[in-house]
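Since the structure is predicted, the reported quantities are computational estimates derived from the model, not experimental observations.
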Amino acid sequence: MKTGFNWDDTRIFLAIVRAGTLSGAAEAMEMGIATISRRLDRLEQSLAVPLFSRHQSGYRLTDDGEALLERAEALEYAGLAFGETAKLQGNVAGLVRLATSDNLATHFILPSLKGLLEKHPELRVEVLSGVQSVNLHRRDADIAIRMVKPDSGNLTLKRLGTIGFGLYGDDAYLKILADEPAGLSLNNANYVGWSESHQHLPAARWISRMLRGRPCRVEANTLVAQVSAVSAGLGLGVLPHFMARKNGLHCVNPDIGLDQALWLVMHSDLAGSRRVRAIADHLIAVLDGYKDQLTMP
């Protein structure tokens, strides 16, 4: 291919194929016949192949032109798809995949989405919840809320606030501990902790230090299950203040040094996407409104 190839000239090529004449192509493209002819000549020169044979009845594809027809149609389709995607972006439309924890999704994010989705009826949200972090570079998700600040990668970050953690117990179990001869002893208490696969978490390490080699009586791999176990009087647990408070648990120690920052994280390539930006701005506003509930016992 010679230099000077203009992708847009493929539209002229397709218009002549469909109309069969320069005048028909000019009418379809809303251009002058001279412009159509000049751009066809430019296209043929840049490709170094004749695309049409000229006849009194009109223009017919050469073998070279026939061979390129499918590729030209593919270019047209790609251009239309590109424009449609841009239109969706401008309208705040399309799917946004949000990775976050179960407790944040359940207590704050999902209940807040109705107004946003009513404002942007073409916007869709997929919430991916769990403890394990997704990989934004592999595009497992478009945006994430994390409690560990990423230290590498082409990512855009914003701090959303802090989640406060404390040591909690059910009133009935705390009364049992208080009635023991030695009184309330955190070192001798039963604990509800994390399962083996989650021992890397700060709360799991804190409980291990308190147990001093003793096993947890109950282990679970979600905070929802741990709240349920603590509420049932099975032991003490390290829980977010907002979850423990909602379940009527008693705070034994409100400041155990495990408060964690919340980070909004997105791939920098998506920071300018209107659909992703709409979700990001919404999350910032929602969690700012719950800042005290997230932090305070």
Side-chain angles (χ1 to χ4, degrees), residues 1-98 116-126 128 134-143 153-156 266-281:
M1 184 187 297
K2 294 184 179 180
T3 59
F5 173 69
N6 188 324
W7 298 101
D8 193 53
D9 288 343
T10 58
R11 297 170 61 236
I12 304 300
F13 169 66
L14 289 171
I16 298 172
V17 170
R18 291 160 183 167
T21 63
L22 291 185
S23 58
E27 182 179 354
M29 298 294 293
E30 298 182 348
M31 296 179 180
I33 293 178
T35 300
I36 294 290
S37 178
R38 184 172 62 254
R39 290 182 59 175
L40 174 60
D41 289 341
R42 182 175 70 182
L43 179 61
E44 289 183 320
Q45 290 173 15
S46 65
L47 296 175
V49 294
L51 299 173
F52 297 95
S53 59
R54 281 72 169 172
H55 299 269
Q56 287 186 342
S57 59
Y59 279 56
R60 299 176 188 170
L61 282 170
T62 63
D63 289 343
D64 289 322
E66 190 73 46
L68 290 171
L69 178 58
E70 184 177 347
R71 298 296 180 87
E73 290 173 336
L75 277 175
E76 179 185 47
Y77 176 81
L80 291 172
F82 181 84
E84 181 63 23
T85 300
K87 180 181 177 182
L88 289 174
Q89 294 285 65
N91 289 340
V92 187
L95 175 66
V96 177
R97 305 181 74 204
L98 166 64
L116 177 69
L117 296 180
E118 288 177 345
K119 180 180 178 182
H120 304 296
E122 295 181 76
L123 182 65
R124 296 185 296 125
V125 182
E126 180 181 353
L128 309 170
V134 299
N135 190 320
L136 294 180
H137 292 97
R138 288 200 312 260
R139 301 297 169 88
D140 293 340
D142 300 308
I143 190 168
N154 183 29
L155 301 173
T156 297
M266 71 183 84
H267 197 282
S268 294
D269 291 348
L270 296 175
S273 165
R274 292 194 66 182
R275 62 185 172 85
V276 175
R277 190 71 255 171
I279 295 294
D281 290 344

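Partners of Ser53 by side-chain hydrogen bond (donor to acceptor under 3.5 Å, both in side chains), not counting sequence neighbours, listed by chain and number: His55. Shown here are the ring-ring contact (aromatic ring centres under 6.0 Å, His included) partners of Tyr59, two or more places apart in sequence or in another chain: Phe52. Asp64 pairs by the side chain to side chain contact (heavy atoms under 4.5 Å, CB included) definition with Val49, Pro50, Thr62, not counting sequence neighbours. With sequence neighbours excluded, no residue forms a salt bridge (Lys or Arg N to Asp or Glu O under 4.0 Å) with Asp63. Residues passing the salt bridge (Lys or Arg N to Asp or Glu O under 4.0 Å) test with Arg39 are Asp8, Asp9, sequence neighbours excluded. Thr10 pairs by the side-chain hydrogen bond (donor to acceptor under 3.5 Å, both in side chains) definition with nothing, not counting sequence neighbours. Residues that satisfy the salt bridge (Lys or Arg N to Asp or Glu O under 4.0 Å) test with Asp281, not counting sequence neighbours, are Arg277.
Contact annotation: the side chain of Leu270 never approaches that of Thr156 to less than 4.5 Å [non-hydrogen atoms, C-beta and beyond]. At least one side-chain heavy atom of Asp142 sits less than 4.5 Å from a side-chain heavy atom of Arg275.
Closest non-hydrogen pair, Leu40 versus Ile12, comes out as N-CG2, 4.4 Å. Looking at every heavy atom in both residues, Ala141 comes nearest to Leu128 through CB-CD1, 4.1 Å. The minimum heavy-atom distance linking Ile143 with Ala280 is given by the pair CD1-CB, 3.7 Å. The minimum heavy-atom distance between Leu123 and Leu117, with the atom names listed, is O-CD2, 3.5 Å.
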All N/O donor-acceptor pairs, side-chain side in residues 15-33, below 3.5 Å, sequence neighbours left out:
residue, atom, partner, partner atom, Å
Arg18, NH1, Glu76, OE2, 2.9
Arg18, NH2, Glu76, OE1, 2.8
Thr21, OG1, Ser23, OG, 3.3
Thr21, OG1, Gly24, N, 2.9

Enumerate, atom names and distances included, each donor-acceptor pair closer than 3.5 Å involving a side-chain atom of residues 65-75, sequence neighbours excluded.
none

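Judged purely by atom type and a 3.5 angstrom limit, Ser37 has no side-chain atom pairing as donor or acceptor with the backbone of Ala34.
Each of Leu98, Val276, Val96 was compared with Met266 under the side-chain contact (heavy atoms from CB on, under 4.5 Å) criterion, and only Val276 meets it.
Residue pairs meeting the ring-ring contact (aromatic ring centres under 6.0 Å, His included) criterion with at least one member in residues 16-45: none, sequence neighbours excluded.
With rounding to the nearest 0.5 Å, the separation of CG in Leu155 from NE2 in His267 is 6.5 Å.
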